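What follows is a single structure, written as structure tokens, with notes after it.
In what follows, every heavy atom counts, from backbone to side chain, and hydrogens, waters and symmetry copies are set aside. In this text, all values refer to a predicted model and were calculated from it rather than measured experimentally.
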Amino acid sequence: MPAAAQSDIPPVDAIVSSPNMKQLSNLPFRAPMEGQGTVGTDIAFTDNHAIQGNYLGFSIYDVKNPKKTKLVSQVLCPGSQNDVSVSGNLLFLSTDTRRSDDSCASAAQNDGSKPYWEGMKIFDISDKSAPKYVKSVETKCGSHTHTLLPGKDGKNVYVYVSSYGPSDAISKCKPPHDLISIIKVPTANPGAATVIDTPVLFPNGGFPGVGGDINNPGGVPTSGCHDITTYPAKDLAAGACMGDGVLFNVADPEKPKVINQVTDSKNFAFWHSATFNNEGTKVVFTDELGGGGGATCNPQTGPERGADGIYDITGTGDARKLEFRSYFKIPRQQADTENCVAHNGSLIPVKGKDIMVQSWYQGGTWVWDFTDSAKPQIIGFWERGPLPNGGGGGTWSSYYYNGHIYSSDMVKGFDVLEINDPRTNSAKGVKMNELNVQTQGQYRE
């Protein structure tokens with residue numbers, strides 16, 4: 001697919017796509033999830049329902065019939081980013097802004113020297129029409145994102161909390177912050193959830209950065225992790241930790257072990273997220289150049305910055321290493337007003353292939369193949385034109401679940417997309433009850 005020219009940028013709010021992708025439905029935000037402060041964030045899936053995070057709380061949708069997706073319930077509970085995960089009847093919600101208290105009626109508390117709360121909230125969603133707040137757990141520097149890792153005894157689920165951005169002006173988030181927080185949640189008694197450890201992952205301080213600027217390659221020093229993806233079936237995890245890409249052994253969920261670290265001071269500015277292939281032999285890391293607010297899908301930025309980095313995992317056991325193979329970036333040029341950079345995506349379960357769908361903010365939703373790590377190939381795309389008045393937005397997360405693609409748009413709400421292509425159609429037969437993209441399940445070959 002050739003790169004788009006400036007003349008190919010669609011009009012404001014217009015929809016364009018490759019012939020093999022289309023939109024089935026869109027559900028705009030509704031009160032209380034609309035208006036000032038609303039930002040659509042991550043998505044989790046359970047029992048033919050999709051749960052969409054929002055800076056104002058979360059929404060639950062019934063997606064049993066994707067063409068007739070319907071809103072089931074909404075919970076107003078402000079506190080960015082409100083990333084979500086599910087485990088059985090439990091919903092986990094990240095809070096990464098200082099709040100006056102841990103309630104859903106809290107107010108912003110921007111002064112880090114005054115009493116505040118931030119961290120993890122746990123809800124009971126056994127009745128999806130009426131979620132119930134169960135428990136809060138405070139964590140150091142809050143919870144920017146979080147990742148679930150089921151305990152092998154089936155009695156506990158572990159929550160790896162990623163956070164960063166320490167400052168001497170923030171009373172409970174002072175540097176150094178080279179750690180994650182581990183919450184242990186007894187599934188039969190979630191009210192007993194507690195932080196059991198805050199392991200330091202980077203005793204040497206991690207990557208020191210180059211200039212400290214998220215807009216420049218190698219710019220951000222490591223001071224915590226942005227996101228972690230676990231792969232329980234392989235006892236592996238991959239961490240996107242600001243200036244470092246990290247491979248972990250998580251055979252003991254309470255004691256994750258760093259087995260390899262990589263950096264990319266040439267082209268990566270901010271290691272943002274990670275996706276394993278199904279075999280657990282590759283990792284796709286994303287670089288969120290510009291922090292998600294920059295217009296980086298243009299000729300000036302080029303094809304290797306603000307991109308995905310594809311790494312093969314070589315070796316065995318704790319001697320495994322991440323070996324760089326290539327970059328992937330969307331070829332369609334975006335307008336200078338459109339924030340566009342690699343963001344959240346998931347595998348599409350196609351036997352014998354490594355195919356994923358991925359969000360690129362205002363660059364839209366893209367499907368691509370990295371079976372050949374050195375030569376990734378595009379399969380399809382769907383995107384909107386620029387927002388009115390040069391506003392920021394676009395798709396935060398695009399995930400494949402039970403035959404369809406679901407996209408959380410920061411401004412437009414919740415999109416349901418379909419791809420019809422011989423390279424991906426076999427995935428429609430793979431059904432999952434529960435899907436947390438950052439807790440990768442294994443589909444059978």
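In this structure, OG in S398 is found 12.5 Å from OH in Y406, a value given to the nearest 0.5 Å. Taken to the nearest 0.5 Å, the CG atom of D415 stands 4.5 Å off from the CG atom of N26. Atoms CZ and CG, from F381 and L417 in turn, are 12.5 Å apart once rounded to the nearest 0.5 Å. Considering CD of E288 and NE2 of H226, their distance stands at 5.5 Å, rounded to 0.5 Å. Atom OG of residue S73 and atom CG of residue L71 lie 7.0 Å apart, to the nearest 0.5 angstrom. Annotation: the span from L90 atom CG to K135 atom NZ amounts to 13.0 Å, rounded to 0.5 Å.
A 4.5 Å side-chain heavy-atom check between W382 and S407 finds every atom pair outside the cut-off. Using a 4.5 Å heavy-atom threshold, the side chains of K68 and S25 count as separate. Proximity of F370 to M356: side-chain heavy atoms (C-beta onward) are separated by under 4.5 Å at one or more points. For the pair E118 and T139, the minimum side-chain heavy-atom distance is 4.5 Å or more. Residues Y164 and H144 meet the side-chain proximity criterion, which asks for heavy atoms closer than 4.5 Å. Side-chain contact check for T439 versus P232: some heavy-atom pair is nearer than 4.5 Å. At a threshold of 4.5 Å between non-hydrogen side-chain atoms, the residues Q358 and T365 do not count as touching. For the pair K329/E304, no side-chain contact is recorded, criterion being any heavy-atom separation below 4.5 Å from C-beta on.
Side-chain atoms of T395 and D409 form no donor-acceptor pair, as typed in the model, at a separation below 3.5 Å. Side-chain contact annotation: S273 with T286, donor-acceptor N/O pair under 3.5 Å present. Judged by distance alone, the side chains of Q52 and D42 never bring a donor and an acceptor atom under 3.5 Å apart. Side-chain atoms of Q438 and N436 include no donor-acceptor pair closer than 3.5 Å. A donor-acceptor pair shorter than 3.5 Å can be found between the side chains of Q74 and S59. The closest side-chain donor-acceptor pair between K428 and N420 falls under 3.5 angstrom. Side-chain contact, K121 with T95: a donor N or O sits under 3.5 Å from an acceptor N or O. Side-chain contact, S94 with S143: a donor N or O sits under 3.5 Å from an acceptor N or O. Counting only N and O atoms by type, the side chains of D369 and T371 include a donor and acceptor under 3.5 Å apart. Of the N and O atoms on the side chains of D102 and S136, at least one donor lies less than 3.5 Å from an acceptor on the other residue. Using modelled atom types and a 3.5 Å distance limit, the side chains of D244 and Q261 yield a donor-acceptor pair. Residues D287 and Y327 have side chains that never bring a donor and an acceptor to within less than 3.5 angstrom of each other.
The pair K412-D13 meets the salt-bridge criterion, with a side-chain N (NZ, NE, NH1 or NH2) lying under 4.0 Å from an Asp/Glu carboxylate O.
Every residue meeting the salt bridge (Lys or Arg N to Asp or Glu O under 4.0 Å) condition with D354, not counting sequence neighbours, appears here in chain and number order: K282. Considering only residues two or more places apart in sequence or on other chains, N216 meets the side chain to side chain donor-acceptor pair (under 3.5 Å) condition with D213. With sequence neighbours left out, the ring pair (Phe, Tyr, Trp, His ring centres under 6.0 Å) criterion links Y61 to F414. Scored by the side-chain contact (heavy atoms from CB on, under 4.5 Å) test, R320 finds L236, L247, I259, I313 as partners (sequence neighbours excluded). By the salt bridge (Lys or Arg N to Asp or Glu O under 4.0 Å) test, K22 pairs with E418, sequence neighbours left out. Residues forming a salt bridge (Lys or Arg N to Asp or Glu O under 4.0 Å) with R423 (at least two apart in sequence, or on another chain): D421.
For the pair T275 and G345, the tightest heavy-atom approach, listed with the atom from each and the gap, is OG1-O, 3.8 Å. Nearest heavy-atom pair, P386 versus T337, reported as atom, atom and distance to 0.1 Å: CB-OG1, 4.0 Å. The two atoms that bring W117 and V137 nearest to each other are CZ2-O, 3.9 Å, heavy atoms only. The shortest heavy-atom contact between F202 and C241 is CZ-CB, 3.6 Å. When every heavy atom of P78 is checked against every heavy atom of S106, the shortest pair comes out as O-OG, 4.4 Å. Between V350 and S426, the shortest heavy-atom distance links the atoms CG1-OG, 3.7 Å.
Under a 3.5 Å cut-off, the side chain of N48 and the backbone N or O of N433 do not form any donor-acceptor pair. Looking only at distances, no side-chain donor or acceptor of S373 sits under 3.5 Å from a matching main-chain atom of I310. Looking at Q362, its side chain does come within 3.5 Å of a backbone N or O of G391 through a donor-acceptor pair.
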| Candidate pair E383 and R332, rule salt bridge (Lys or Arg N to Asp or Glu O under 4.0 Å), full reasoning | CA-CA 10 Å; E383 67 162 292; R332 277 188 61 84; 2.6 Å; yes
| Taking it one step at a time, do S265 and T263 satisfy side-chain contact (heavy atoms from CB on, under 4.5 Å)? | CA-CA 6 Å; S265 58; T263 61; 5.7 Å; no
| task | Could you give me the CA-CA distance, side-chain angles and deciding distance for T296 and T301, then say whether side chain to side chain donor-acceptor pair (under 3.5 Å) is met? | result | CA-CA 6 Å; T296 71; T301 304; 5.1 Å; no
| field | Full working for side-chain contact (heavy atoms from CB on, under 4.5 Å) between K321 and E323 | value | CA-CA 6 Å; K321 295 184 181 297; E323 300 282 352; 4.1 Å; yes
| request: With salt bridge (Lys or Arg N to Asp or Glu O under 4.0 Å) as the test, would you mind laying out the steps for K132 and D127 before giving the verdict? | output: CA-CA 8 Å; K132 297 178 181 178; D127 180 354; over 6 Å; no
| Verdict with supporting geometry, N82 and F58, side-chain contact (heavy atoms from CB on, under 4.5 Å) | CA-CA 7 Å; N82 279 341; F58 63 91; over 6 Å; no
| field | Verdict with reasoning, S397 to N344, per side chain to side chain donor-acceptor pair (under 3.5 Å) | value | CA-CA 5 Å; S397 299; N344 294 341; 3.1 Å; yes
| task | Decide side chain to side chain donor-acceptor pair (under 3.5 Å) for N54 and T38; before the verdict, give the C-alpha distance in whole Å, the side-chain angles of both, and the deciding distance to 0.1 Å. | result | CA-CA 6 Å; N54 188 303; T38 191; 2.8 Å; yes
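Among the candidates V185, I183, V161, T147, the single residue satisfying the side-chain contact (heavy atoms from CB on, under 4.5 Å) test with F92 is V185. None of V75, V72, I60 except one satisfies the side-chain contact (heavy atoms from CB on, under 4.5 Å) rule with I51; the exception is I60.
The ring of F268 has its center no closer than 6.0 angstrom to the ring center of F285. Checked against a 6.0 Å centroid threshold, the rings of H343 and W396 count as neighbours.
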